[in-house]
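First the proteins, then the strands, lettered A, B, ... as listed; each starts at 1.
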There are 2 protein chains.
Amino acid sequence: MTINHAILGILSCRPMTGYDIKKIIQESDIMHWSGNNNQVYKALIELHGEGLVISEVRYQESLPSKKIYTVTEEGLKVLREWTALEPEPAELRKPFLLQLKWADVLDGAQLQALLANYENQIRICLAMSREKARRGDGLKPRSSRESFLWKMIDKNAVSTYQNELDWIQGVQKQLSELDAGGADKLELQDS
Amino acid sequence: MTINHAILGILSCRPMTGYDIKKIIQESDIMHWSGNNNQVYKALIELHGEGLVISEVRYQESLPSKKIYTVTEEGLKVLREWTALEPEPAELRKPFLLQLKWADVLDGAQLQALLANYENQIRICLAMSREKARRGDGLKPRSSRESFLWKMIDKNAVSTYQNELDWIQGVQKQLSELDAGGADKLELQDS
DNA sequence: TGTCTCATGTAAGGGGTTACATGATTCC
DNA sequence: GGAATCATGTAACCCCTTACATGAGACA
């Protein structure tokens with residue numbers, strides 16, 4: 001999976017400029033690239049060189065001229081082939097889990113603060129993913145099947161964060177029960 | 001979060017060699033680095049230069065000599081400080097979702113195959129995370145509180161994959177219902 | 001004979017990131 | 001006056017990855 005595939009997909013919805021593509025990538029959660037100029041414009045030049053997209057320059061008064069990119073038949077073919085491939089495995093990077101791994105070096109209050117902090121963060125992510133699902137990403141589904149798929153993608157984000165929220169709340173609850181009921185069992189407690 | 005923090009944490013459990021650290025990182029799910037030589041040995045040199053770890057060379061007959069690294073008080077302080085920091089936001093990279101985003105270019109059979117493929121992949125991840133939780137990572141918890149935290153970390157992985165499995169099964173089920181009941185509503189179907 | 005484990009290190013390259021550069025218009 | 005939008009592109013850098021290099025013993 002490279003940003004080139006993402007760009008081909010975006011352009012398959014409608015022709016647009018690198019600037020438009022950049023914004024879509026930046027606002028998307030499933031496209032994990034930053035959407036910086038270097039990447040997007042370089043990728044477009046590459047795709048153009050491979051004949052997967054064509055570009056048409058449109059001059060504008062009092063605004064910089066734009067290059068409008070369109071996918072070619074060849075580009076659609078590459079997109080179709082990539083889409084059907086065995087998916088690359090997901091990479092779930094949760095730095096918080098690594099902090100939690102060594103969190104026994106913290107005292108009770110610090111640990112509670114860390115957990116509460118993460119819960120709050122996840123709440124925000126959950127709210128944002130709901131909001132993004134409501135707003136959409138500026139692309140229009142081309143069929144009812146595509147509309148269904150895109151709704152499912154939004155639901156994936158929401159349910160992922162909801163699951164994480166349930167988990168962190170469980171951790172907090174069980175920890176408070178441990179602190180209350182089983183204090184005598186804990187060996188390294190200072191308080 | 002850098003690999004240096006992960007290494008400080010690992011060494012806080014017990015002194016060991018770069019080679020040992022490498023294996024722990026490679027087998028860990030929450031440490032997302034590949035654990036290649038370049039990274040680990042370079043990080044150890046850096047940590048040593050900063051006085052966060054010290055090393056002792058042990059010569060062995062008929063085996064290469066090893067450098068056994070130990071965290072210093074200063075290193076533990078840095079670990080404690082980092083652990084209590086505001087967690088960096090999670091990065092969830094699911095290439096499959098990007099394939100699904102453009103999957104309307106596929107026909108019905110191809111889409112079903114893609115979904116089934118992902119379900120299978122997630123099943124394997126779920127089984128592996130359960131197995132890893134059972135086996136442990138070779139580090140011994142230093143307190144019952146740490147033991148609890150590590151169990152929760154394992155549960156996080158399991159519940160994440162379980163949630164993903166439930167989701168992909170829901171997608172498949174709803175899609176088959178759409179195909180069966182609402183076929184007339186779909187505009188781009190070839191069959 | 002070939003491959004694996006132990007054990008440390010280096011080299012080369014790819015991909016991603018931020019920041020710079022231009023330049024007119026619009027909005028506060 | 002300063003910042004944001006539109007629009008394209010470049011430069012420098014950092015992190016991470018694979019692959020190479022050494023070299024002895026164990027195992028099939």
Side-chain angles (χ1 to χ4, degrees), chain A residues 1-7 10-11 15-49 53-70 88-89 91-93 95 98 138, chain B residues 1-7 10-11 14-28 30-49 53-70 88-89 91-93 95 98 138:
Chain A
M1 181 186 57
T2 69
I3 197 170
N4 295 36
H5 295 122
I7 291 176
I10 293 169
L11 288 178
M16 60 180 98
T17 66
Y19 189 79
D20 296 328
I21 293 169
K22 216 179 85 170
K23 280 192 297 178
I24 288 177
I25 291 176
Q26 280 168 351
E27 276 159 37
S28 167
D29 285 330
I30 61 173
M31 307 178 208
H32 64 268
W33 302 275
S34 75
N36 64 78
N37 294 353
N38 209 334
Q39 222 169 9
V40 173
Y41 291 114
K42 223 191 272 172
L44 282 169
I45 288 166
E46 206 177 302
L47 289 170
H48 193 263
V53 301
I54 50 169
S55 69
E56 181 206 347
V57 179
R58 187 156 305 170
Y59 296 95
Q60 302 178 116
E61 288 178 26
S62 77
L63 269 180
S65 26
K66 38 163 97 171
K67 281 187 190 169
I68 297 168
Y69 287 92
T70 309
E88 289 168 49
E91 288 174 56
L92 309 175
R93 300 187 181 188
L98 196 52
Chain B
M1 180 186 56
T2 69
I3 198 171
N4 295 37
H5 295 121
I7 291 176
I10 293 169
L11 287 178
R14 63 178 153 86
M16 60 181 96
T17 67
Y19 189 79
D20 296 327
I21 293 169
K22 215 179 85 171
K23 280 193 296 179
I24 288 178
I25 291 176
Q26 279 169 352
E27 278 159 36
S28 167
I30 60 172
M31 306 178 210
H32 64 268
W33 303 274
S34 74
N36 65 78
N37 294 352
N38 209 333
Q39 222 169 10
V40 173
Y41 290 115
K42 223 191 271 173
L44 282 169
I45 288 166
E46 207 177 301
L47 289 169
H48 194 261
V53 301
I54 49 170
S55 70
E56 181 205 348
V57 179
R58 185 157 308 170
Y59 297 95
Q60 301 177 116
E61 289 178 25
S62 77
L63 269 181
S65 25
K66 37 162 98 169
K67 282 188 190 170
I68 297 168
Y69 286 91
T70 308
E88 289 169 48
E91 288 174 55
L92 308 175
R93 300 187 181 189
L98 196 51

Tell me: [atom1] of [X] to [atom2] of [N], nearest whole Å?
X     : N      : atom1 : atom2 : value
B:N4  : D:dC14 : CG    : P     : 15 Å
A:H5  : C:dG15 : NE2   : P     : 12 Å
B:I24 : C:dA7  : CD1   : C1'   : 15 Å
A:Y69 : D:dG9  : OH    : C1'   : 10 Å
B:M16 : C:dC6  : CE    : P     : 14 Å
B:Q26 : C:dC6  : CD    : P     : 11 Å
A:Y41 : C:dA19 : OH    : C1'   : 15 Å
B:K67 : C:dC6  : NZ    : C1'   : 16 Å

Nearest 0.5 Å please: distance from the [atom1] atom of [X] over to the [atom2] atom of [Y].
X     : Y     : atom1 : atom2 : value
B:I21 : B:I10 : CD1   : CD1   : 6.0 Å
B:H32 : A:R93 : NE2   : CZ    : 4.0 Å
A:T17 : A:L11 : OG1   : CG    : 9.5 Å
A:L63 : A:R58 : CG    : CZ    : 13.5 Å
B:Q60 : B:K66 : CD    : NZ    : 4.5 Å
A:I24 : A:M31 : CD1   : CE    : 7.0 Å

Identify the two heavy atoms, one from [X] and one from [Y], that lie closest to each other, and give their separation to 0.1 Å.
X      : Y     : answer
B:P95  : A:P89 : CD-O, 4.0 Å
B:G18  : B:Y69 : N-CD1, 4.3 Å
B:G138 : B:R14 : O-NH2, 3.3 Å
B:W33  : B:A6  : CZ3-CB, 3.7 Å

Q: Quick one: do A:L98 and B:M1 satisfy side chain to side chain contact (heavy atoms under 4.5 Å, CB included)? Show the steps, please.
A: CA-CA 9 Å; A:L98 196 52; B:M1 180 186 56; 3.7 Å; yes
Q) Which residue, B:K22 or A:I3, contacts DNA chain C at a nucleotide closer to its 5' end, judged by nearest heavy atom? A) B:K22
Q: Would you mind telling me which residue lines up with the more 5' stretch of DNA chain C, A:S62 or A:M1, judged by nearest nucleotide?
A: A:M1
Are there any protein N/O atoms within less than 3.5 Å of an N/O atom in nucleotides 26-28 of chain D, and if so, which ones and at what distance?
none

Q. With sugar-phosphate meaning primed atoms plus P, OP1 and OP2, does A:T17 contact a base, only sugar-phosphate, or nothing at under 4.0 Å between heavy atoms?
A. sugar-phosphate
Q: Could you check B:T2 against B:I7 for side chain to side chain contact (heavy atoms under 4.5 Å, CB included), going step by step and ending with a plain yes or no?
A: CA-CA 9 Å; B:T2 69; B:I7 291 176; over 6 Å; no
Q. If an axis is fit to five pairs at each end of the helix from C:dT1-D:dA28 to C:dC28-D:dG1, what is the angle between the two, to the nearest 10°?
A.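 Here the helix ends are tilted 30° relative to one another.
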Q. Below 4.5 Å, heavy atoms only, C-beta onward: do A:K23 and A:M16 meet side chain to side chain?
A.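 No, side chains not in contact.
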Quick test: give all pairs of protein nitrogen or oxygen and nucleotides 26-28 of chain C nitrogen or oxygen below 3.5 Å, distance rounded to 0.1 Å.
none

Considering only nitrogen or oxygen atoms on both sides, find all protein atoms under 3.5 Å from nucleotides 4-6 of chain D and state each distance.
| residue | atom | partner | partner atom | Å |
| --- | --- | --- | --- | --- |
| D:dC6 | OP2 | A:Y19 | OH | 3.2 |

Between the protein and nucleotides 17-21 of chain D, are there any N/O to N/O pairs under 3.5 Å, and if so, what are the atom names and distances?
| residue | atom | partner | partner atom | Å |
| --- | --- | --- | --- | --- |
| D:dT17 | OP1 | B:S34 | N | 3.3 |
| D:dT17 | OP2 | B:S34 | N | 3.4 |
| D:dT17 | OP2 | B:S34 | OG | 2.9 |
| D:dT17 | OP2 | B:N36 | ND2 | 3.2 |
| D:dT17 | OP2 | B:Q39 | OE1 | 3.1 |
| D:dT17 | O4 | B:N38 | ND2 | 2.8 |

Determine all donor-acceptor pairs shorter than 3.5 Å in which one atom belongs to a side chain in residues 34-44 of chain B; sequence neighbours excluded.
| residue | atom | partner | partner atom | Å |
| --- | --- | --- | --- | --- |
| B:S34 | OG | B:N36 | N | 3.3 |
| B:S34 | OG | B:N36 | ND2 | 2.8 |
| B:N36 | OD1 | B:N38 | N | 3.2 |
| B:N36 | OD1 | B:Q39 | N | 3.1 |
| B:N36 | ND2 | B:Q39 | OE1 | 3.4 |
| B:N37 | OD1 | B:K22 | NZ | 2.8 |
| B:N38 | OD1 | B:K42 | NZ | 3.3 |

